[in-house]
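Structure record follows, encoded as structure tokens.
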Amino acid sequence: MNEAGEKARNFLEEIIEKDVKSGKHDGRVLTRFPPEPNGYLHIGHAKSICLNFGLAQKFGGKTNLRFDDTNPTKEDVEYVDSIKEDIKWLGFDWAEELYASDYFEQLYLWAQELIKKDLAYVDDQPQEQMRLNRGTVTQPGKDSPFRNRSVDENLDLFARMRAGEFPDGSRVLRAKIDMAHPNMLMRDPILYRIIHAHHHRTGDKWCIYPMYDYAHGQSDSLEKITHSICTLEFDVHRPLYDWFIEKLEIFPSKQYEFARLNLTYTVMSKRKLLQLVQDGFVSGWDDPRMPTICGLRRRGYTPESIRTFADRVGVAKRDNVIDLSLLEFCIREDLNKRAERRMAVLNPIKVVITNYPEDKVEEIHAVNNPEDEAAGKRAIPFSREIFIEREDFIEDPPKKFFRLKPDGEVRLRYAYLIKCNEVIKDDNGEVVELRCTYDTDSAGGTSSDGRKVKGVIHWVSAKHTVPVEVRLFDRLFQNEDPDDVPEGTDWKTGLNPDSLRVVKGFVEPAIKDVKPLDRFQFERLGYFSVDYESRPGKLVFNRTSTLKDTWAKISGK
RNA sequence: UGACCUAUGGUGUAAUGGUAGCACAGCAGAUUUUGGUUCUGUCGGUCAAGGUUCGAAUCCUUGUAGGUCAACCA
């Protein structure tokens, strides 16, 4: 924030603001989000989506969704659908749904134009030879022996490439730039390759397909994209991006690069994510431990929290690794305000309140959300036998432990003060039951004589319990940097063996009518959301995140 | 041993030649019928060396460190 109270602008906002003010493109702003439909979107894409759509919104512009579908061997409609779903869920609407493949004919025409201008040629060199002749980053490349074919011959060969006369890999169309250029991308980059493959949209119409560099910029230009925003690794592509626009004399879209998102304890590469799925380390792309948008959704994350996160991580050009705790902060912050509270016990121990009548059942009234009065109240049954969390009782507690202990008093949230009189153990010495008495004058949990009881614990009435399955997730990797594994071992050795624990939980009755993705705070435990596999009578909850746990910090060291 | 990009507290990100601020994390405290929330305080930073200037995180030079680029992937 600056003195005026407005948020500081990132470098892209500054560029666009300047362009708008100067009247460039009549002040028009049009961005695009250009995924390749070959995988699922993850939190890194979410940053890019929020950026592209957010920037346009900020300056009264629009954003296109364009699928970069120039490689039929890798792409599929399955991904198109999931990508659209994820973007919508995040809360964004695109102006137009477009495909690079929509432009194949125009791209072909432009390729012919480059040939006619003697700026492109058909190369017959085998792939290996071409690689050798490209040189290295420190050595210039060598011209192809086919570099100086006549325009007519190139035109003829290119037409025959399209006609399907040649096998895959036998010929390519290359731009004629400079084989000694210090930027490898400018050493006669390939424009078209031959792939006899079925394309998810164009079918078998084409057997030559444009490369990314040739397709992307021209697609931007065709759509009259004003600001083409991509990640840092495309920085070296920008001279080529500009070269095509200049030589073809077409609409001058401009490319700008920002640093992609990295998260601690998280892998983000499509390759690694795919491996986690294929090797069965997770249950699928939408496993709640995955950093995919569908995984986060299933985990219980809200779109709002992800947008806030994208906003807080900022936009710049330096490499960065964001603390996973920032993401967790964002979801807690959001859910604290909107999730209704319930009481649930995940690791129960039975408490019998010996001075409470056998058959009596009371209705206790509890606030649904202390952060939102409009959420109202609910009734919770209370009876003689209840469950409390096993961790909330310690026979010989450490200092500053103010939960239940022998002869100690604790508050049952919203109910009564109880005192532990007797600890019953089994033959192994394990505590199986606690016998307590309640203060009959402490209805609601307030003492009548003004004495202070610091501890408050949650509980459920034993015979009014709703049994549920609870999936406790933890970070997928043990190290902040998943690649930080012992020399010579695979990154997968860093996987956290305890990233998923499935337990049985007991919830108060006011939980029966829930549907997938409903979110709750189980008091003192964390935020939980209903899984897709949940069914009436067989509810399944995913732990979205724990609550901040100051006690764990104190006692855990 | 090439070209390009980038260097601000532990992690991010502002300061656009004029008081180095904000968030997360950490620590300490207050409040609290969630050891939650909220509130307060606190720790801690301009990669280095020169130069320009009344004044440099900012401009210049030279280093240093990290990243990107040698798919018929995007």
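In the text below, chain A, chain B and the rest are named by the order of the sequence lines, each starting its count at 1.
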Member of A:R32, A:R201, A:R66, A:K84 meeting the salt bridge (Lys or Arg N to Asp or Glu O under 4.0 Å) criterion with A:E97: A:K84

Runs of at least three Watson-Crick or G-U pairs with RNA chain B, cut-off 3.5 Å: B:2-7 with B:64-69, B:10-13 with B:21-24, B:26-30 with B:38-42, B:47-51 with B:59-63

Atom OH of A:Y99 and atom P of B:A74 are separated, to the nearest Å, by 17 Å

Taking the nucleotide of RNA chain B with the closest heavy atom to each, which residue, A:K548 or A:Y212, is nearer the 5' end? A:K548

For the side chain of A:E75, counting heavy atoms from C-beta on, which of B:A74, B:G12, B:G35 is nearest? B:A74

Taking the minimum atom-to-atom distance to the side chain of A:M184, which one of B:C69, B:C24, B:G36 wins? B:C69

Look at all strands and tell whether A:V137 reaches a base, only sugar-phosphate, or nothing, counting heavy atoms closer than 4.0 Å. base

Report yes if the distance between the aromatic ring centroids of A:W459 and A:F382 is under 6.0 Å, otherwise no. yes

Could you tell me whether the side chains of A:K270 and A:N38 share a donor-acceptor contact shorter than 3.5 Å? yes

Cation-pi geometry met for A:R149 and A:Y121 (6.0 Å, 45°): no

Between B:C73 (C1') and A:Y209 (OH): distance, integer Å: 15 Å

Base, sugar-phosphate alone, or nothing: which one does A:E36 contact when heavy atoms must sit under 4.0 Å apart? sugar-phosphate

Polar side chain donor-acceptor pair, A:Y241 to A:Q218, under 3.5 angstrom: no

Categorize A:P34 for me: base, sugar-phosphate, or nothing, with a 4.0 angstrom heavy-atom threshold over every strand shown. nothing

Residue pair A:E391 / A:N347, side-chain donor-acceptor N/O under 3.5 Å: yes

Under 4.0 Å: is that the gap between some side-chain N or O of A:S325 and OP1 or OP2 of B:U11? no

Output all residues satisfying salt bridge (Lys or Arg N to Asp or Glu O under 4.0 Å) with A:R411, sequence neighbours left out; order by chain, then residue number. none

Counting only side-chain heavy atoms from C-beta out, which of B:U32, B:A74, B:U1 sits nearest to A:T138? B:U1

Looking at A:Y265, is A:R475 sitting on its ring face, NZ or CZ under 6.0 Å from the six-membered ring centre and within 45 degrees of the normal? yes

Please give the distance between the C1' atoms of B:C47 and B:A28 as a whole number of Å. 32 Å

Checking all strands, does A:M211 fall into the base, sugar-phosphate, or nothing category for heavy-atom contacts under 4.0 angstrom? sugar-phosphate

A:D323 CG to B:U11 C1': how many Å, rounded? 4 Å

Given RNA chain B, 5'-ward residue of the pair A:N10 and A:L326, judged by closest heavy atom: A:N10

Of the listed B:C69, B:G26, B:A3, the closest approach to the A:P182 side chain comes from B:A3

A:E257 CD - B:U68 P separation (whole Å): 15 Å

With heavy-atom distances below 4.5 Å as the criterion, would you say the side chains of A:V172 and A:I194 are in contact? no

When rounded to the nearest Å, what value does the distance between C1' atoms of B:G21 and B:A15 take? 7 Å

A:R260 versus A:D319: any side-chain heavy-atom pair under 4.5 Å? no

For A:T70 and B:A74, is the shortest distance between a side-chain N/O and OP1 or OP2 below 4.0 Å? yes

How close or far is atom C1' of B:U11 from atom CZ of A:F309, stated in whole angstroms? 11 Å

For A:R332 and B:U34, give me the distance from atom CZ to atom P, rounded to whole Å. 17 Å

Taking atom C1' in both B:U6 and B:G41, compute the distance separating them and give it to the nearest angstrom. 35 Å

Students often get this wrong, so: under 4.0 angstrom with heavy atoms, is A:Y192 touching a base, only sugar-phosphate, or nothing? nothing

With a 4.0 Å heavy-atom cut-off, tell me which residues in residues 169-177 of chain A come close to RNA chain B, sorted by residue number. A:G169, A:V172

Report which part of the nucleic acid A:F67 touches: base, sugar-phosphate, or nothing (heavy-atom distance under 4.0 Å, all strands). nothing

Planes under 30° and centres closer than 5.5 Å, is that true for A:W551 with the base of B:G35? yes

Give a yes or no on whether the backbone of A:S253 and the side-chain of A:D220 come within a donor-acceptor separation of less than 3.5 Å. no

Among the nucleotides B:C24, B:U34, B:C69, which one has an atom lying closest to any side-chain atom of A:R413? B:U34

Tell me whether B:A28 sits syn or anti, counting syn as a glycosidic angle within 90° of 0. anti

State plainly whether the residues A:E17 and A:K58 are in salt-bridge range, i.e. N to O under 4.0 Å. no

Does the ring center of A:Y256 lie less than 6.0 Å from the ring center of A:F11? no

Could you check whether A:K270 gets within reach of a base, just the sugar-phosphate, or nothing at all, counting any heavy atom under 4.0 Å? nothing

Under 3.5 Å donor-acceptor, A:R174 side chain and A:D188 backbone: yes

Between the base of B:G36 and the side chain of A:E371, is there any donor-acceptor pair under 3.5 Å? yes

What string of B, S and - do you get for nucleotides 39-46 of chain B, 5' to 3', when a contact is any protein heavy atom under 4.0 Å? --------

Need one value for A:Q125: base, sugar-phosphate or nothing, where a base atom within 4.0 Å counts as base even if backbone is also close, heavy atoms only. base

Taking the side chain of A:V236 as its heavy atoms from C-beta onward, which of B:C72, B:U68, B:U34 lies nearest to it? B:U68

Would A:D334 and A:R338 pass as an ion pair if we require N to O under 4.0 Å? yes

Donor/acceptor link under 3.5 angstrom from A:R341 side chain onto base of B:U34: yes

Rounded to the nearest angstrom, tell me the gap between atom OH in A:Y527 and atom P in B:U37. 8 Å

Atom CG of A:L185 and atom P of B:C73 are separated, to the nearest Å, by 14 Å

Ignoring backbone atoms, test whether A:R193 places a side-chain nitrogen or oxygen under 4.0 Å from the OP1 or OP2 oxygen of B:C73. yes

So A:K337, base contact, sugar-phosphate only, or nothing? Heavy-atom distance under 4.0 Å. nothing

Taking NZ in A:K317 as the centre, count heavy atoms belonging to other residues, nucleotides or ligands within less than 6.0 Å. Is the count above 12? yes

Just to confirm, is there a sub-4.0 Å distance from OP1 or OP2 of B:C27 to any side-chain nitrogen or oxygen of A:K553? yes

Only counting residues at least two apart or in another chain, list the ones meeting salt bridge (Lys or Arg N to Asp or Glu O under 4.0 Å) with A:E78. none

Tabulated below should be each protein N or O lying under 3.5 Å from an N or O of nucleotides 5-9 of chain B; please produce it.
from : atom 1 : to     : atom 2 : distance (Å)
B:U8 : OP2    : A:R318 : NH1    : 3.2
B:U8 : O4     : A:R318 : NH2    : 3.3

Identify whether any heavy atom of A:V453 sits under 4.0 Å from a base atom; if not, whether one sits that close to sugar-phosphate; answer base, sugar-phosphate or nothing. nothing

Is the number of heavy atoms from other residues, nucleotides or ligands within 6.0 Å of NZ (A:K142) greater than 12? no

Testing B:A25, B:C73, B:A74 for proximity to the side chain of A:H237, the answer is B:A74

Give A:Y414 one of three labels, base, sugar-phosphate or nothing, depending on what nucleic acid heavy atoms sit under 4.0 Å from its own. base

